[in-house]
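I have placed the structure first, in the form of structure tokens, so that the comments after it can refer back to it.
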Amino acid sequence: MKSTDILVIGAGINGLASALALAEAGLSVRVIDSGPGGQESSWAGAGILSALPPWGYPGAVTDLIDYSLGLWPDWLSQLRQHSPVDPEYRPCGMWILDPADPDAARAWCAAHPEEGTPAAYPATYPAAYNASTPSAFWLPRVAQVRNPRLLAVLRDCAMAAGIDFVADNGLVDWATDPSGTRITAVQTAQARLTARHYVVAAGAWSQTLLGKLAAGMDVRPIRGQIALLSTPPGTLPHIILAGGHYLVPRQDGLVLVGSTLEDCGFDKGTTAEARSELLAFAAQTSPALRDAPCIHHWAGLRPGSPANIPSIGRHPEVENLYLNAGHFRYGVTMAPASAQILTDRILERAPQTDIAPYDWPVKAAPREALLR
Ligand SMILES: Cc1cc2nc3c(=O)[nH]c(=O)nc-3n(C[C@H](O)[C@H](O)[C@H](O)COP(=O)(O)OP(=O)(O)OC[C@H]3O[C@@H](n4cnc5c(N)ncnc54)[C@H](O)[C@@H]3O)c2cc1C
């Protein structure tokens with residue numbers, strides 16, 4: 001296969017968004033994936049475009065999310081020109097009920113009056129929570145997207161942009177020059193591939209596939225399980241976040257009940273305990289869901305990183321190796337901005353935000369810090 005300007009390793013949302021941004025900048029791009037692409041964390045997620053909650057994270061996370069949310073509407077409308085698939089992007093609003101830190105919630109609402117407000121949870125809503133709920137916060141601008149459909153849109157766009165996508169072609173080894181400061185080729189399951197620049201966007205697998213090139217990064221799989229309920233359309237009008245779990249209603253009545261945060265390696269299995277926990281949460285939060293049939297239950301592996309801060313930048317020693325990974329709980333929300341930052345870095349363009357927090361490598365954090 002002929003050499004390209006860019007080889008992106010991993011075809012989840014961050015690999016595909018990176019590939020598209022780089023192709024749009026005029027570079028020739030190839031994307032490889034060890035599987036069909038777009039079937040891992042990016043497929044499994046709930047598609048909420050917000051931090052959960054927005055007041056609970058360091059500035060490096062909320063700044064990137066804010067930057068990305070500003071890009072989302074235009075990004076999506078450009079993508080939709082090349083695909084017949086509707087990704088169901090919908091600003092449906094989100095209720096946050098009884099947050100762990102109501103003072104921080106109130107302070108955030110005071111600082112962002114258009115984005116959130118303390119409010120009485122309407123007694124008319126079909127939920128166990130009501131006007132007597134001690135603290136409820138309404139975030140009218142929070143949007144959602146339907147992950148599998150968004151990935152289908154991205155694949156259509158990649159094809160339209162002339163990006164060479166090779167499925168079932170996982171990276172197995174790196175070749176460097178004798179000084180170790182330049183990648184000269186990668187060995188995949190099918191071929192030896194060369195490029196000017198290499199971008200690792202392999203989500204939870206990024207650190208493992210980099211091996212000794214991982215250079216201090218700390219990205220590990222954190223499993224999340226989701227149960228899917230079937231209800232009549234309109235049963236639940238908004239996203240609800242309460243006590244660490246959430247309900248996400250899709251337009252056709254399906255309701256996602258999520259999620260767990262489990263540190264169990266690369267095990268993508270589902271468990272009966274998690275299913276019971278999620279269904280109990282749904283029934284308690286919304287009586288209308290008590291008898292809704294659970295039609296699917298799945299798990300995905302988030303690319304867990306310290307403090308939820310992704311790494312988007314160049315390797316400290318290898319000049320043509322880049323990383324766009326470690327987006328942990330917010331990789332869908334952060335995708336447009338992360339692709340932009342990566343492209344600015346590769347093209348050495350002036351960034352539109354402070355990109356220093358996303359330098360490679362990130363420092364290791366205590367393991368338990370990942371489960372918040
Ligand atoms: C249950 C759950 C709920 C979530 N909810 C939300 C949410 O509401 N909002 C939000 O913003 N985010 C959410 N997330 C997080 C979000 O899904 C992730 O941060 C994001 O999908 C990461 O995307 P990615 O492209 O980096 O990784 P992935 O989507 O995991 O893609 C990585 C790709 O790399 C490929 N790969 C692996 N090894 C190799 C190899 N050796 N060679 C080539 N390719 C390889 C994989 O096959 C895969 O296709 C959720 C995640 C989960 C699991």
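Side chains are part of it too, since the values below use all heavy atoms of this structure and drop only hydrogens, waters and symmetry mates. Just so you know, ligand 1 is whichever comes first in the structure, and atom 1 is the first atom listed for that ligand.
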Polar-atom distance check: Ala204 versus ligand 1, any N or O pair below 3.5 Å? no
Ignoring angles and geometry beyond distance, decide whether Gly331 reaches within less than 3.5 Å of ligand 1 through its nitrogen or oxygen atoms. yes
Hey, is Arg149 close enough to Glu88 for a salt bridge, meaning N to O under 4.0 Å? yes
Could you grab the distance from atom CG of Asp344 to atom CD1 of Ile346, nearest 0.5 Å is fine? 10.0 Å
Does any N or O atom in Arg329 lie less than 3.5 angstrom from one in ligand 1, N or O only? yes
Counting from 1, what ligand 1 atoms have a heavy atom of Gly203 closer than 4.0 Å? 26 (O), 27 (O), 32 (C)
Which one of Glu273, His297, Lys268 satisfies the side-chain hydrogen bond (donor to acceptor under 3.5 Å, both in side chains) criterion with Gln225? His297
Hey, is Asp173 close enough to Arg192 for a salt bridge, meaning N to O under 4.0 Å? no
Taking distance alone, with no angle check, do Ser42 and ligand 1 share an N/O pair under 3.5 Å? yes
So which of Gly12, Pro303, Ala17 gets nearest to atom 22 (C) of ligand 1, if we judge by its closest heavy atom? Pro303
Those atoms of ligand 1 less than 4.0 Å from some heavy atom in Ile9: 42 (N), 43 (C)
Which residues pass the side-chain contact (heavy atoms from CB on, under 4.5 Å) test with His315, sequence neighbours left out? Leu213, Ala215, Glu317, Val318, Leu321, Trp360
Polar proximity ligand 1 side, Thr333 side, N/O cut 3.5 Å exclusive: yes
Between Ser135 and Arg106, the two heavy atoms sitting closest are CB-NH1, 4.5 Å
Any salt bridge between Arg146 and Asp252, counting N to O under 4.0 Å? yes
With only distance considered, is Ser41 within less than 3.5 Å of ligand 1 through an N or O on each side? yes
Per-atom contacts of ligand 1 with Tyr330, taking only distances under 4.0 Å to non-hydrogen atoms: 10 (C), 11 (O), 12 (N)
Under 4.0 Å from a heavy atom of Tyr246: which atoms of ligand 1 are those, numbered in the order shown and with their elements? 3 (C), 5 (N)
Tell me whether Asn324 has any N or O atom under 3.5 angstrom from an N or O of ligand 1. no
Could you check whether any side-chain heavy atom of Trp55 comes within less than 4.5 Å of a side-chain heavy atom of His112, counting everything from C-beta outward? no
Is the His245 ring parallel, tilted or perpendicular to the Phe281 ring (thresholds 30°, 60°)? tilted
So is Ala46 polar-close to ligand 1, meaning N/O to N/O under 3.5 Å? yes
Non-hydrogen atoms of Ala17 and Ala339 that approach each other most closely: O-CB, 3.4 Å
Could you tell me which atoms of ligand 1, counted from 1 in the order shown, lie closer than 4.0 angstrom to a heavy atom of Gly224? 1 (C)
For atom 32 (C) of ligand 1, tell me which residue out of Gly300, Ala202, Ala335 has the closest non-hydrogen atom. Ala202
Under 4.0 Å from a heavy atom of Leu209: give me the atoms of ligand 1 that qualify, with their elements. 39 (C), 40 (C), 41 (N)
Just which atoms of ligand 1 are under 4.0 Å from any heavy atom in Gly170? 42 (N), 43 (C)
Return a yes/no value for Leu301: is any of its N or O atoms, backbone included, closer than 3.5 angstrom to an N or O of ligand 1? no
Atoms in ligand 1 with a heavy atom of Ile48 nearer than 4.0 Å: 7 (C), 8 (O), 9 (N), 10 (C), 11 (O)
Quick check: does Arg302 get an N/O under 3.5 Å from an N/O on ligand 1? no
